[in-house]
2 protein chains.
Amino acid sequence: MTRRAPTHRKPHTTQVGIDVVLFSIIDDALCVLLINRQWEPYAHVASLPGAFLRADETTQAAAQHVLRTKAGITRPVYMEQLYTFDTRGRDPRGDFPTVAYMTLVPHTAVPLGNSATTQEPHWVPVVRLPRLAFDHELIVRTAVARLRAKLEYTNIVYSLIPATFTLTRLQRVYEIILGHALDKRNFRKKYLSLGLIRATRGMERGGKQRPARLYRFVSRTPAQLKKFF
Amino acid sequence: MTRRAPTHRKPHTTQVGIDVVLFSIIDDALCVLLINRQWEPYAHVASLPGAFLRADETTQAAAQHVLRTKAGITRPVYMEQLYTFDTRGRDPRGDFPTVAYMTLVPHTAVPLGNSATTQEPHWVPVVRLPRLAFDHELIVRTAVARLRAKLEYTNIVYSLIPATFTLTRLQRVYEIILGHALDKRNFRKKYLSLGLIRATRGMERGGKQRPARLYRFVSRTPAQLKKFF
DNA sequence: AAAATAGTGTCTATAAGACATTATGTC
DNA sequence: GACATAATGTCTTATAGACACTATTTT
């Protein structure tokens with residue numbers, strides 16, 4: 001930021017929006033958390049949970065605040081800034097930029113149920129998006145694209161699955177997000193060679209079949225990989 | 001953006017910064033355009049050209065306006081939104097977010113020289129950055145990382161070189177930005193196989209040696225590639 | 001033993017990387 | 001003809017992708 005010449009014009013200020021795209025895998029579908037708007041504009045239309053940036057708050061803190069108050073998420077999850085949207089005419093109240101964040105949580109981490117502050121949050125598969133308020137469809141599509149891309153060269157799936165998981169489950173998550181089937185043997189060969197996960201001593205029982213070995217991520221913090229999928 | 005409940009609190013508004021990282025290749029170095037600040041804070045310290053977002057202006061339009069007024073760039077160049085920075089304490093005048101854009105121009109497109117509005121713009125190799133105002137060093141580093149990454153899977157180099165160019169020159173640009181040497185035969189084999197560029201009938205004369213064939217990009221618009229470098 | 005999913009290896013095709021010589025201009 | 005850069009191809013290695021059967025548990 002460069003300071004302007006000292007003119008006498010009052011500096012322009014604007015509201016800044018914060019929107020959060022919260023992804024989770026539910027019932028073998030990539031879902032996004034939506035709420036129903038209560039007031040105009042777009043009353044009763046689905047939208048992303050969001051807020052206005054408040055004084056002395058960073059956009060990241062604001063996004064975390066949205067997660068807490070709108071989705072009841074308190075545990076740390078993966079979160080990254082997605083993009084700052086400011087298409088003209090996105091909001092009938094006037095133009096202002098909105099900083100969108102993308103977050104990932106295992107579905108077990110999200111308490112659902114309506115409360116006074118939660119405005120009927122609900123999960124919707126991204127392939128069945130309803131009409132969304134503002135430019136939120138664009139935001140969701142951008143987030144899906146980012147998620148798919150990042151899946152290929154980072155380890156961020158760790159944030160979508162429980163601490164321990166079977167390789168079949170991990171592969172399923174990849175298939176759900178990427179939208180196409182993967183070869184079982186190639187997936188295992190490649191994933192194990194990355195060194196990101198390690199076998200535990202546990203087995204997943206409960207099915208009517210041979211139990212599967214449980215794995216876990218060596219590290220549950222974001223990492224970039226040279227080569228991936 | 002979700003509208004808040006109709007409280008009686010006045011909505012918070014803030015200034016929004018716009019900063020532009022303008023890259024060009026000059027004298028075989030990746031350079032960034034800096035200006036010298038005239039006023040506090042950080043008077044006489046180098047900084048990125050920037051501005052405050054004005055009323056009824058998109059961030060992209062604001063970035064383009066900065067390009068025009070601070071760097072004299074009128075021709076279309078490659079520009080993309082980089083990231084929105086809002087680290088605490090970046091600006092002693094208070095915290096507000098700043099939307100950074102990254103743009104690329106061939107050095108021939110940039111008229112240099114000081115004018116009333118240009119505050120001594122000058123090109124500085126990114127490997128020899130001086131002290132920068134605010135969090136501009138972080139912004140430049142982020143931009144360099146983005147540029148390097150994008151070089152590998154997009155065709156955006158077209159915006160850094162003249163309309164026609166030799167393969168040696170193109171390779172040089174890649175080497176300069178990536179920071180390491182590339183094999184001549186492998187580079188040509190791979191680049192030509194991508195189908196992004198086409199040989200012209202022209203040759204580059206002027207040296208004391210065998211003239212080199214001139215090529216040009218088939219399309220000078222951004223494109224994503226499946227595989228690249 | 002039937003059902004259901006777990007788990008495993010080879011072969012082929014493609015891409016990446018190392019590497020040196022000949023060609024064609026200018027002076 | 002000396003100089004300077006242009007232009008070109010092969011071989012090796014690594015990675016990606018296709019592909020099918022055996023193993024282990026539950027009921």
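The sequence lines fix the lettering, A, B, ..., with proteins before strands; numbering per chain opens at 1.
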### Query
For the pair made of CD in Q171(A) and P in dT8(C), what is the distance, rounded to whole Å?
14 Å
### Task
Let me know the distance between CE of M203(B) and C1' of dA23(C), rounded to the nearest Å.
11 Å
### Nearest-angstrom distance from the residue atom CZ of F187(A) to P of dT15(D)
18 Å
### Task
Respond yes when some side-chain nitrogen or oxygen of R185(A) is under 4.0 Å from OP1 or OP2 of dG7(C), and no when none is.
no
### Query
Under the ring pair (Phe, Tyr, Trp, His ring centres under 6.0 Å) criterion, do F85(B) and F134(B) qualify, and how do the steps go?
CA-CA 11 Å; F85(B) 295 86; F134(B) 311 116; over 10 Å; no
### Message
Are Y191(A) and Y174(A) an aromatic pair, judged by ring center distance below 6.0 Å?
### Response
yes
### Task
Indicate yes or no for a side-chain donor-acceptor contact from S24(A) to the backbone of H107(A) under 3.5 Å, with no hydrogens or angles considered.
yes
#### Entry: Shortest side-chain distance from P211(B), nucleotide among dG25(C), dA6(D), dT8(C)
dG25(C)
### Message
Looking only at side-chain N and O atoms, does Y158(B) offer a donor or acceptor that is under 3.5 Å from a partner on Y78(B)?
### Response
no
### Task
Go through dT26(C), dC19(C), dA7(D) for me and flag the one nearest to the K184(B) side chain.
dA7(D)
## Note on the structure
H180(A) atom NE2 is separated from dA16(D) atom C1', nearest whole Å, by 13 Å
#### Entry: Nearest-Å distance for atom pair CZ/C1', residues R169(A) and dG7(C)
19 Å
### Task
Could you check how far CG of L182(B) sits from C1' of dA16(C), rounded to whole Å?
13 Å
### Query
Looking at K190(B), does any N or O in its side chain come under 4.0 Å of the phosphate oxygens OP1/OP2 on dA16(C)?
yes
### Query
Is it true that the side chains of D19(B) and T98(B) contain a donor and an acceptor less than 3.5 Å apart?
yes
#### Entry: Whole-Å distance separating the CZ atom of R205(B) from the P atom of dT26(C)
6 Å
### Query
Taking five pairs at each end of the helix from dA1(C)-dT27(D) to dC27(C)-dG1(D), what angle separates the two helix axes (nearest 10°)?
0°
### Query
Going from CG on L22(A) to CG on L33(A), what distance comes out if it is rounded to the nearest 0.5 angstrom?
5.0 Å
### Query
Distance from L147(A) atom CG to E80(A) atom CD, nearest 0.5 Å?
9.0 Å
### Task
Taking atom types as modelled, find out whether Y101(A) and T59(A) have a side-chain donor-acceptor pair closer than 3.5 angstrom.
yes
Enumerate all atom pairs, one protein N or O and one N or O from nucleotides 2-4 of chain D, separated by less than 3.5 Å.
none

### Task
Kindly point out which of dG7(C), dT25(D), dG17(D) is positioned nearest to the side chain of K189(A)?
dG17(D)
#### Entry: Nearest-Å distance for atom pair CG/C1', residues N186(B) and dA6(D)
16 Å
### Message
Regarding T164(A) and T200(A), do their side chains bring together a donor and an acceptor under 3.5 Å, going by distance alone?
### Response
no
### Task
Select base, sugar-phosphate, or nothing to describe what R188(A) touches, counting heavy atoms under 4.0 Å on all strands.
base
### Task
Using a heavy-atom cut-off of under 4.0 Å over every strand shown, decide if T166(B) touches base, sugar-phosphate, or nothing.
nothing
### Query
Regarding R188(A) and T168(A), is there a side-chain donor-to-acceptor distance under 3.5 Å anywhere?
yes
## Note on the structure
Residue pair D183(B)/T168(B) against DNA chain D: nearer the 5' end by closest nucleotide is T168(B)
